[in-house]
Amino acid sequence: MTAAIVTDILDALGVRPDRVLTLKDVQSGNSSWLVETHGGALVVLRRYHDQATRDELGYEHAVLRHLSQLGWLVPVPESDLLRQDRRWFCLTRFVPGDAVTNCSVEQQRQRGRALAQLHLALRGLHLRIGQRHRWQPQHRGVTVHTNIEWEACLRNLSQADPRLAAWAEKAAIDTHAALAAIGAHELPVDVVHGDFAEWNVHYQHGKLVGVIDFGLTHADSRPYELAIARTYRAPETISAYRDELTLHGWPLTPVEEAAIEPLHRAFRVDMAAWQVHHGQRTGSYDLAMIERQLARTGTSPP
């Protein structure tokens, strides 16, 4: 997006910038610009992905406002939503610090404790705000996105690569069977962050200061959050998470513990489904990425 367009959007939002720095500019995806105002304040201009709806963004903003009121440093909206050129824009709070992808052991523990504290802060919120529009818990379907038709994905993928389509179908069946075997239908749900990975947790001087990117927040299970947070590669994170929740009298149940591994596999099937859905819309399939996701499901190719 050109500097002139950014300036026009900021003007429509009532902001006169001294400086604008592009953080991320993706044609169809989420994008953001760091804005320094005349008063020296820092805010972030957010442009949401091209499939975002007002209802979905309203849900995300409700979660952010709830956490901000509880003292969490998150990108809470600081303006109304603005619709321009068929995209939604909003000013959000600037969250300082930086993500650390090569976390120390102590930072991994911090992330685990923070995730537990986040879940405690969100506990029961779904009873007030319900489920995000066009979303569902991962254990209730092949994909968390209710607007993705799995059978249509398989049909379209089979035209591009029959082997991958057969693999995807088998992975979905195997994953569903694994979840059914442990009684995953009994999993309780609450609002989750949806992507509490290292790149969305900000540190400053070695200490955790804020959490960003609630673009996937919705009502789902705690083991789903642990799977999508990639805790399988950070044992200190999940250990600290368990300890913190036990300390507060809300430990993971046996069913939740048993669901972590199959939900990680289900998450990978979901990622493959999203890639196929994206390919349907754009007319171009990233077959290498689809295969990479299927390879992580634990299901062997046919």
Requested in this report: With sequence neighbours excluded, tell me which residues meet side chain to side chain donor-acceptor pair (under 3.5 Å) with E291.
Outcome: R163
**Report entry** Qualifying residues under side-chain contact (heavy atoms from CB on, under 4.5 Å), relative to Q293, sequence neighbours excluded
**Finding:** R268, M271, A272, M289, R296
Report task. Could you pull out all residues at least two apart from E56 that satisfy side-chain contact (heavy atoms from CB on, under 4.5 Å)? Result -> T53, R132, H133, R134, W135
Query raised in the report: Considering residues at least two apart in sequence or located in another chain, which fulfil the ring pair (Phe, Tyr, Trp, His ring centres under 6.0 Å) criterion with H176?
Result: none
Report summary line: Grouping ILVMFWY residues whenever side-chain heavy atoms fall under 4.5 Å, the cluster of Y48 otherwise contains L57, L81, W88
Query raised in the report: For E256, which residues count as a salt bridge (Lys or Arg N to Asp or Glu O under 4.0 Å) partner, sequence neighbours excluded?
Result: R222
Query raised in the report: In chain order, what residues pass the side chain to side chain donor-acceptor pair (under 3.5 Å) check against T143, with sequence neighbours excluded?
Result: D270
Query raised in the report: What residues join L23 in its hydrophobic cluster, counting side-chain heavy atom gaps under 4.5 Å, either direct or through other members?
Result: L21, L34, L42, V44, F94
Query - Partner set under side-chain contact (heavy atoms from CB on, under 4.5 Å) for T2, not counting sequence neighbours - result: A4, I5
Report task. Output all residues satisfying side chain to side chain donor-acceptor pair (under 3.5 Å) with T37, sequence neighbours left out; order by chain, then residue number. Result -> none
Requested in this report: Output all residues satisfying side chain to side chain donor-acceptor pair (under 3.5 Å) with R230, sequence neighbours left out; order by chain, then residue number.
Outcome: D195
Query raised in the report: Do H264 and Y224 meet the criterion of a side-chain donor-acceptor pair at a distance under 3.5 Å?
Result: no
Report summary line: Residue set satisfying ring pair (Phe, Tyr, Trp, His ring centres under 6.0 Å) with Y59, at least two apart, ordered chain then number -> none
Query raised in the report: Is the closest side-chain donor-acceptor distance between H126 and D190 under 3.5 Å?
Result: yes
